[in-house]
Amino acid sequence: MAKKLVIVESPAKAKTIVKYLGKDFDVKASMGHIRDLPKKNIGVDVEKNFQPHYVTDPRKKAVIQQLKNSAAKADEIYLASDHDREGEAIAWHLTHVLKKEIKDKPVHRIVFHEITKSALQEAVNNPREIDMKLVEAQQARRILDRLVGFELSPLLWRKIKPALSAGRVQSVAVRLIVEREKEIKAFEAKSWYRVQAWFTLEDDGQSYELKAESPVKFATEAEARALLEECIGTTFTISNIAKKPGYKNPSPPFTTSTLQQEASRRIGFSVSRTMRIAQKLYEAGHITYMRTDSVHLSKLALNMAKDVITERFGENYIKTRQYATKSKGAQEAHEAIRPTDMHNKVVSSDITEQRLYDLIWKRTLASQMKPATLERTTVVIDSTQRPAMLTAKGEVIVFDGFLKIYADRKGAAISDTLLPPIAVGDILNLQKMEADERFTQPPARYTEASLVKKLEELGIGRPSTYAPTISTIQKRDYVEKKDKDGIQRKFTLLRLEENHVRHHEKTETVGAEKSKLFPTDIGGLVNDFLTKYFDDVLDYNFTALVEKEFDDIADGNMEWHQMLKEFYTPFHKKIEDTQQEAKKFKGEKLLGNDPVTGKPVFVKIGRFGPMVQLGATKEDEKPRFASLPPNKTMEDCTLEDVVDLFKLPRTLGQFEGHDVIVSSGRFGPYIKCNKSNYSLQKTDDPFTIELDTAIKRIREKREADKQKVIAVFEDGDIQLLNGLYGPYMVVKGENYRLPKGTDPTTLDLAACKKIAAETKPSNKRWRKKK
DNA sequence: CAGTGAGCGAGCTTCCGCTTGACTT
């Protein structure tokens with residue numbers, strides 16, 4: 001029987017397809033790219049017209065072997081990788097890696113956008129050749145990224161510090177964060193005054209409140225005060241009530257980027273967590289593919305949404321729509337992210353999986369529901385002296401539409417802002433009038449999700465790389481995700497009370513931040529260096545510009561070697577010039593002179609990151625160094641913040657015949673005594689701590705260690721210990737897990753040796769590195 | 001986890017985009 005092999009990218013997709021294709025077909029997954037440039041060296045022969053040197057990934061060995069076996073058995077091969085630039089390249093690489101196995105066999109390239117029997121049939125019936133233009137565009141993309149990354153990074157190692165990295169995507173991501181921080185620093189809040197009034201109304205024995213605001217903002221306290229004073233003893237009348245219909249439309253179904261944003265905003269997931277959970281839902285068959293830039297829904301999905309909405313909410317809620325993808329550089333190889341079967345509202349007993357699914361389910365159905373209809377009311381209130389002095393606003397939902405399942409952007413529950421029963425000509429009873437000082441807001445720091453949004457807008461990065469990019473810039477210490485406490489700010493409140501305008505000083509907490517991205521000193525320095533010498537690559541439009549050229553290559557309007565040459569020649573010259581001319585980039589800053597020694601104190605970036613230096617480098621005496629205090633940056637630390645650092649190490653006295661020394665290490669201050677180290681408590685101040693407290697800490701540590709030890713054999717060569725994750729065994733420095741269900745207290749020497757002989761030590765490479 | 005930071009020099013680091021496990025403390 002004729003056997004046809006279909007190769008797709010994802011194993012989950014393979015599993016689904018095989019059901020539709022029948023017995024003649026064998027379906028296998030390539031698991032993404034199977035060949036790439038080598039990891040260790042640049043792998044591009046620039047002299048020979050940018051000849052790439054591809055190697056197969058050693059971790060993909062098993063996958064490739066399987067593909068080879070299947071290909072050898074098949075009579076006909078269908079390369080069904082995704083319908084985009086990378087997918088085309090995967091198909092082409094497959095023909096090379098499987099060269100022997102597919103020799104003399106018909107090889108077809110097929111693409112499909114929906115996984116349905118008819119779509120698959122149609123794809124199989126309409127095979128084509130591999131589009132070499134598209135493959136060349138991918139190669140140009142790959143090679144350009146390699147050249148940029150592998151020439152810029154080593155320059156950073158030489159000029160700034162080892163193990164740094166730069167690239168077309170990550171460096172722009174860092175730049176966005178660094179520049180946003182500069183904007184925030186440079187921002188000066190301006191204040192203005194808002195006037196609000198509260199009225200009481202009686203109707204049918206019921207009492208209501210009406211809140212109104214002045215449509216005019218006041219620049220100064222004096223102006224606001226003048227208005228309030230004018231209102232002493234005045235009469236307020238409703239002069240107009242205007243009603244206007246309004247609409248709210250649902251958002252399109254999810255793409256990777258919008259899913260990440262909404263999951264962050266509504267359920268507080270980090271970008272990587274969202275992707276991990278979405279992957280699980282995808283593998284279980286609950287949602288369509290989660291790495292997509294398309295808002296397109298298949299016909300099948302549109303019909304299913306219609307059915308489910310009718311069933312649950314009635315026909316009146318249906319409005320079928322197909323959304324158009326607007327984002328720059330979208331390749332639309334997949335559908336939007338949606339439930340595979342919208343009849344299922346609950347698909348997992350895992351709470352986090354279900355929460356994410358629920359969000360996808362609601363967003364998808366909402367996108368196929370009618371807009372919400374609103375009635376917006378504006379009430380105009382005149383004072384005796386001033387027409388239209390105040391306005392009050394109300395909003396009522398006439399028809400909820402999609403809001404029935406998907407609340408609007410703020411994520412707040414849907415609630416009407418109801419106005420009390422009122423009519424034109426009503427005279428209002430003033431209860432309270434206030435003018436409070438408001439401030440203009442600085443630009444907001446990025447969250448992981450809002451950075452993804454910005455990158456997508458700029459056309460930088462792809463759905464498969466948003467999460468990894470965010471983690472790379474954090475791993476490199478360019479950026480850190482942290483919280484910031486708010487600060488107290490004074491503001492003025494004027495209140496009209498008892499026919500007087502009184503002045504009150506109030507305070508409020510502002511500027512508190514949670515899980516925001518802050519640039520580090522290193523991030524700032526690397527960005528300064530790159531924007532100074534490589535402004536073109538760091539330009540926000542660089543990606544868009546080269547993408548245009550990749551498209552030209554794909555359309556046959558540009559030759560790929562030529563494109564690379566035009567970029568690389570000036571780029572490489574700049575690399576060489578910078579290599580020659582640029583001095584070491586240390587970001588050195590003089591803070592002042594040390595009050596004790598009179599020597600200059602600097603902050604700068606060294607091999608291990610930011611540090612403080614006491615004394616100039618060229619002097620006879622070697623300068624002293626110290627790490628910055630925790631939570632301080634080079635940017636914001638002062639001389640006072642750092643002079644104490646040089647008081648360490650301090651010798652406090654003796655304990656058990658050894659010096660007790662307080663010192664500062666990689667992980668902050670600690671106590672050293674007889675070759676052992678002991679942590680300080682958070683409340684201990686290393687500069688003032690005394691001997692008795694230090695001895696107490698030493699005893700505490702010893703006590704804790706005793707608790708940790710379950711048993712010791714062979715002079716400490718074999719130890720049974722209590723760890724963070726339960727009991728484990730250490731044999732000559734190697735850690736071993738205990739077999740499940742073992743009670744460690746029952747183990748004797750022989751039993752320990754047996755475990756050590758039978759199990760492998762835990763892999764140490766997983767430790768270290770963050 | 002633990003006293004880093006000049007000088008010397010070997011040997012290391014690094015990109016983006018497509019996929020999923022393997023794996024531990």
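Side chains are part of it too, since the values below use all heavy atoms of this structure and drop only hydrogens, waters and symmetry mates. Proteins get letters first, then strands, A, B, ... in listed order; numbering begins at 1 in each.
- Side-chain proximity of A/Trp157 to B/dA6, B/dT14, B/dT20: nearest is B/dT14.
- One can place CE of A/Met275 at 13 Å from C1' of B/dG17, the figure rounded to the nearest angstrom.
- Closest contact between the side chain of A/Pro11 and the listed nucleotides B/dC18, B/dT20, B/dG5 involves B/dT20.
- To the nearest angstrom, P of B/dC16 lies 19 Å from CD of A/Gln139.
- The residue A/Gln170 sits close only to the backbone: its heavy atoms come under 4.0 Å of sugar-phosphate atoms, none of a base.
- Comparing atom distances between the A/Ser153 side chain and each of B/dG21, B/dC15, B/dG5 picks out B/dC15 as nearest.
- For A/Gly167 and A/Gln279, each mapped to the nucleotide of DNA chain B holding its nearest heavy atom, the one lying further toward the 5' end belongs to A/Gly167.
- Spacing between atom CG of A/Asp84 and atom P of B/dC16 amounts to 18 Å, rounded to whole angstrom units.
- Using a 4.0 Å heavy-atom criterion, one finds that A/Tyr282 contacts the sugar-phosphate atoms exclusively.
- The two residues A/Thr543 and A/Arg168 have their closest heavy-atom pair at OG1-NH1, 3.2 Å.
- For the OP1/OP2 pair of B/dC18 and a distance below 4.0 Å, the side-chain nitrogens and oxygens of A/Arg462 include at least one atom meeting the criterion.
- With salt bridges taken as basic N to acidic carboxylate O contacts below 4.0 Å, one links A/Glu86 and A/Arg141.
- Side-chain atoms of A/Ser165 and A/Arg476 include a donor-acceptor pair closer than 3.5 Å.
- Here the side chain of A/Arg141 is nearest to one of B/dG21, B/dG17, B/dT19, namely B/dG17.
- Taking side-chain N and O atoms only, A/Ser165 has a distance below 4.0 Å to OP1 or OP2 of B/dC15.
- A/Gly461 comes within 4.0 angstrom of the backbone, heavy atoms only, and of no base.
- Look at NE2 on A/His93: it is 13 Å from P on B/dC18, rounded to the nearest Å.
- Stacking is found between A/Phe150 and the pyrimidine-like six-membered ring of the B/dT14 base under the 5.5 Å centre-distance and 30° plane-angle cut-offs.
- For A/Gln138, no side-chain nitrogen or oxygen approaches OP1 or OP2 of B/dG17 to under 4.0 Å.
- For A/Arg142 and B/dT14, the CZ to C1' distance is 11 Å, given to the nearest whole Å.
- Contact check, A/Arg476 against B/dC15: a side-chain N or O comes under 4.0 Å of OP1 or OP2.
- Regarding contacts with the backbone of B/dA22, every side-chain N or O of A/Arg59 stays at 4.0 angstrom or more from both OP1 and OP2.
- Residue order along DNA chain B, read from the 5' end via each residue's closest nucleotide, puts A/Ala163 first among A/Ala163 and A/Ser171.
- A/Thr465 has no side-chain polar atom (N or O) that falls below the 4.0 Å cut-off from OP1 or OP2 of B/dC16.
- Side-chain N/O atoms of A/Tyr289 include one lying less than 4.0 angstrom from OP1 or OP2 on B/dT19.
- A sub-4.0 Å separation between OP1 or OP2 of B/dT20 and a side-chain N or O of A/Ser10 is present.
- The interatomic distance linking A/His33 (NE2) with B/dG21 (P) rounds to 18 Å, in whole Å.
- Remark: C1' of B/dT20 and CE of A/Met290 are 9 Å apart, rounded to the nearest angstrom.
- Heavy atoms of A/Val148 sit nowhere under 4.0 angstrom from any nucleic acid atom.
- Separation of the A/Tyr78 and A/Phe112 ring centroids does not fall under the 6.0 Å cut-off.
- Contact between the side-chain N/O atoms of A/Arg146 and the OP1/OP2 oxygens of B/dC16 is not found at any separation under 4.0 Å.
- A/Thr325 places no side-chain N or O within 3.5 Å of a backbone atom of A/Ser327 that could act as its donor or acceptor partner.
- Nucleic acid contact class of A/Leu144 (heavy atoms, under 4.0 Å, all strands): none.
- Residue A/Arg35 places none of its side-chain N or O atoms closer than 4.0 Å to OP1 or OP2 of B/dT19.
- Between A/Lys133 and A/Asp131, none of the side-chain N atoms (NZ, or NE/NH1/NH2) sits under 4.0 Å from a carboxylate O, so this pair counts as no salt bridge.
- For A/Thr340 (side chain) and A/Gly285 (main-chain N/O), a donor-acceptor pair under 3.5 Å exists by modelled atom type.
- Backbone-only contact: A/Ala166 has heavy atoms under 4.0 Å from sugar-phosphate atoms and none from a base.
- Whole-Å rounding puts the A/Lys599 NZ to B/dA6 P distance at 17 Å.
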